[in-house]
Amino acid sequence: MNENGTLAIFTPKNPEAIELIRHDAAHIVASVVQKLFPGTQVTIGPSTDDGFYYDFARDKPFTPEDLEAIEKAANEQIKQDVPFTRREVSKEEALDLFGKLGEKFKLEIVEDIFNKGATTLSLYEHGGWVDFCLGPHGPSTGRVGVIKLTSVAGAYWRGDHRNAQLQRIYGTAFFTQKDLDAWVTQQEEARKRDHRKLGKELDLFAFHPAAPGAVFWTANGTMLFTILQQAMRTMCLANGYVEIKTPLLYNKMLWEKSGHWGKYRENMFLILDPEADPALPEEERASFSLKPMNCPSHHLFYEMKRKSYRELPLRLHTQDVLHRNEATGVLSGLTRVRQFQQDDAHIYLMESQIADEVAALTKLIAKVYDAFGLTFTAKFATRPEKKIGDDALWDKAEAALKAALEQTGLPYELKEGDGAFYGPKIDFDVADSIGRKWQLGTIQLDYVAPERFGLEYIGSDNAAHRPVVIHRAIYGSFERFIGILIEHFAGNFPVWLAPVQAVIVPVVERQEAWADEVAAKMRAAGLRVEVDKQNSKLAAKIRDAQLAKVPYALVIGDKEVEAKAVSPRKHGTGKDADLGLIAIDDWIATMTKEAAIPY
RNA sequence: GCUGGCGUAGCUCAACUGGUAGAGCACCUGACUUGUAAUCAGGAGGUCGCGGGUUCAAGUCCCACCGCCAGCUCCA
């Protein structure tokens with residue numbers, strides 16, 4: 001340790017400590033890999049949220065068997081308890097060292113580090129294997145309890161797909177085997193919540209190879225979808241929006257005007273002109289495209305009629321179907337699809353109205369997420385490389401959106417270069433069951449589109465002015481949002497959202513008449529119920545209802561028929577699950593309350 | 001799109017180093033009339049993702065394609 005260093009004592013209880021041993025683990029794995037597979041080049045290997053990875057350059061891929069061998073050797077090195085030593089070297093020494101080792105990628109990083117103004121480089125060595133690293137590392141490999149390798153995957157050098165593809169080995173490390181076992185169990189639990197698994201089990205949706213990335217919604221899934229649609233519609237209407245519908249298919253002239261043709265075409269499904277010369281490239285033969293976003297249609301809609309400043313903010317809401325030709329490798333259940341519907345809106349307003357509108361929107365988004373108990377993180381994303389509009393407009397848009405965001409007091413993370421091609425945005429992310437974060441809601445500020453579409457409103461001065469546009473979605477897309485909800489609730493939807501809210505269970509056939517009457521009464525009250533007339537025992541029917549995660553099973557035997565009542569059983573096990581005999585009208589009143597949409 | 005893995009009945013999964021596909025659940029039929037997580041018996045159900053190839057013989061080996069999974073690039 002040098003004289004200016006900071007001293008921090010890490011014990012296994014520190015949250016930093018686990019990160020530290022995972023970084024140690026990355027070094028251990030890399031050293032083992034180079035021992036087992038001579039000629040493999042090392043690159044970088046950081047710790048992640050629940051483990052670490054290390055990227056290697058090697059001609060042959062690592063097989064699952066290789067991974068086992070690496071894991072075994074890594075854990076042996078832990079047992080040997082090899083010390084880590086640290087020393088500092090100059091640029092020349094570093095270049096000399098990694099040059100002699102023939103580590104091309106390391107040399108590249110060394111250059112970068114010193115170009116950024118570093119004067120020395122810290123090296124960490126253990127068992128004769130050396131890597132440079134900011135550190136800190138533990139005193140010896142023995143401090144890492146156990147290493148488990150989880151997968152291999154391709155990754156591009158410096159995250160750029162134009163660069164060489166490396167092989168990334170993922171793994172994790174814990175202080176004890178017990179911690180590792182607990183983590184494995186937790187991973188298994190998380191996988192039980194996977195919406196793709198639950199979607200099948202609860203009969204919510206399906207996919208078919210004939211339509212990759214497009215959802216078949218079952219009756220249950222469609223119910224979820226339409227409840228969410230209706231809830232959003234109602235909320236939008238209450239907040240000054242109007243809902244409109246626009247075409248799905250447009251002449252490419254629209255996309256040229258909006259800028260999608262230049263910046264987004266590879267994601268668009270093109271309709272080719274049958275008359276066109278087949279020798280021409282596809283984009284030149286294209287005459288129409290399915291819309292990948294609603295914005296251009298809304299801009300067209302806006303300009304169809306003269307607008308007055310008195311109409312602003314004009315809030316257009318749409319739930320139309322969108323198609324995006326996503327790369328095959330990115331499709332994933334409901335969270336990444338090719339055909340989807342957003343709870344989209346475009347708000348046309350004056351610059352002076354931006355701050356209030358953004359504040360109102362963040363409030364609305366928080367209200368909706370709260371209703372589901374979802375926790376989110378906000379990201380502020382600035383201009384990307386692939387963009388339209390000049391820097392002056394972007395400066396203005398970024399400054400305005402940032403100011404509005406800061407006024408709300410919401411904590412946020414800055415994501416440079418992550419904005420939409422037409423404007424900066426605030427994204428709202430929610431994590432899925434295995435911790436992957438998905439973008440749901442978004443607020444995007446756009447000065448470019450009004451220019452391109454020549455949008456105007458007549459001000460109080462009787463002159464034409466240019467409005468600004470806010471693109472926003474709260475759920476994001478219905479598909480992704482439902483995927484997240486399934487995992488969030490583990491399929492146990494609250495009454496208001498459950499596709500089937502109650503199953504009526506007659507004990508034997510002679511009670512079916514009252515069961516049907518109860519069903520009719522409940523349906524008349526707007527509740528979604530089914531009668532289980534299967535020829536099976538009560539216990540079996542209860543089990544079916546439990547497995548289907550229906551909020552209530554309403555048992556009807558002779559007592560209930562006699563009393564014009566039901567005996568509800570709540571989904572779940574506790575001893576208070578059985579609610580006892582309740583008169584039908586009282587029960588309908590109770591359930592109707594629980595069925596109310598909370599936003 | 002890239003790297004790796006996977007694809008057997010509606011679902012979950014078996015089938016030794018190649019020898020011609022099997023279980024449970026679900027489904028259908030019948031019996032049983034049952035009070036809070038599985039009643040019993042019988043039956044039906046598969047071009048082993050698709051197309052080629054190797055072989056006397058392919059679910060099993062090889063090639064190409066399609067789809068799915070993990071990750072990367074990209075994104076709601």
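Proteins come first, then strands; the chains are lettered A, B, ... in the order of their sequence lines, and each starts at number 1.
Spacing of P atoms, U55(B) relative to C74(B), comes out at 48 Å, to the nearest Å. When the C1' atom is used for both G22(B) and C16(B), the distance is 16 Å, rounded to whole Å. Comparing the P positions of A41(B) and C25(B) gives an interatomic distance of 10 Å, to the nearest angstrom. The separation of A57(B) from A21(B), taken at their C1' atoms, amounts to 16 Å, rounded to a whole angstrom. Comparing the same atom, C1', in G43(B) and in A26(B) gives a spacing of 14 Å after rounding to whole Å. Using P as the reference atom, A64(B) and A70(B) are 24 Å apart when rounded to the nearest Å. The same atom, C1', is picked in G5(B) and in C56(B); the two are 34 Å apart, to the nearest Å. Taking the P atoms as reference points, U8(B) lies 24 Å from A44(B), given to the whole Å.
Whole-Å rounding puts the His208(A) NE2 to G49(B) P distance at 15 Å. Note: CG (Asn325(A)) to P (G1(B)) measures 9 Å, nearest angstrom. If you measure from atom CG of Leu149(A) to atom C1' of G4(B), you get 14 Å, rounded to the nearest angstrom. If you measure from atom CG of Leu202(A) to atom C1' of A26(B), you get 15 Å, rounded to the nearest angstrom. One interatomic measurement links the two molecules: CG of Asn163(A) to C1' of G1(B), which rounds to 16 Å at whole-angstrom precision. Taking atom CZ of residue Phe216(A) and atom P of nucleotide G10(B), one finds them 16 Å apart after rounding to whole Å.
By the side-chain contact (heavy atoms from CB on, under 4.5 Å) test, Pro506(A) pairs with Gln511(A), Glu512(A), Ala515(A), Val531(A), Lys541(A), sequence neighbours left out. Legend: residues meeting salt bridge (Lys or Arg N to Asp or Glu O under 4.0 Å) with Glu19(A), ordered by chain and number and at least two apart, are absent. With sequence neighbours excluded, no residue satisfies salt bridge (Lys or Arg N to Asp or Glu O under 4.0 Å) with Glu71(A).
Where RNA chain B pairs in unbroken runs of 3 or more (Watson-Crick or G-U, both distances under 3.5 Å), the stems are B:1-7 with B:66-72, B:10-13 with B:22-25, B:27-31 with B:39-43, B:51-53 with B:61-63.
Residues Thr382(A) and Glu398(A) have side chains that never bring a donor and an acceptor to within less than 3.5 angstrom of each other. Side chain to side chain, His346(A) and Asn294(A) fail the donor-acceptor criterion of an N or O pair below 3.5 Å.
Asp55(A) has a carboxylate O that lies under 4.0 Å from a charged side-chain N of Arg168(A), or vice versa, which qualifies the two as a salt bridge. A salt bridge links Arg315(A) with Glu357(A): the closest approach of a Lys/Arg side-chain nitrogen to an acidic carboxylate oxygen falls below 4.0 angstrom. At a threshold of 4.0 Å, the pair Arg158(A)-Asp160(A) does not count as salt-bridged, since none of the basic side-chain nitrogens sits closer than that to a carboxylate oxygen. The existence of a salt bridge linking Arg22(A) and Asp50(A) is excluded, since no basic side-chain nitrogen approaches an acidic carboxylate oxygen closer than 4.0 Å.
Checked by atom type and distance alone, the side chain of Thr218(A) pairs as donor or acceptor with a backbone atom of Asp203(A) at under 3.5 Å. Here the side chain of Thr318(A) pairs no donor or acceptor atom with the backbone of Lys245(A) at under 3.5 angstrom.
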Practice task
Do nucleotides 30-39 of chain B as a string where each nucleotide becomes B, S or -: B if the base has a protein heavy atom under 4.0 Å, S if just the sugar-phosphate does, - if no protein is that close.
Solution key: -BBBBBBBBB
Exercise for the section: Sugar-phosphate atoms are those with a prime plus P, OP1 and OP2; base atoms are the rest. Using that split, label each nucleotide of nucleotides 70-76 of chain B B, S or - for protein heavy atoms under 4.0 Å, 5' to 3'. Expected result: SBBBBBB
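The aromatic rings of Tyr422(A) and His260(A) are tilted relative to each other, their planes meeting at an angle between 30° and 60°.
Within 4.0 Å of Gly580(A), counting heavy atoms only, lies no atom of the nucleic acid at all.
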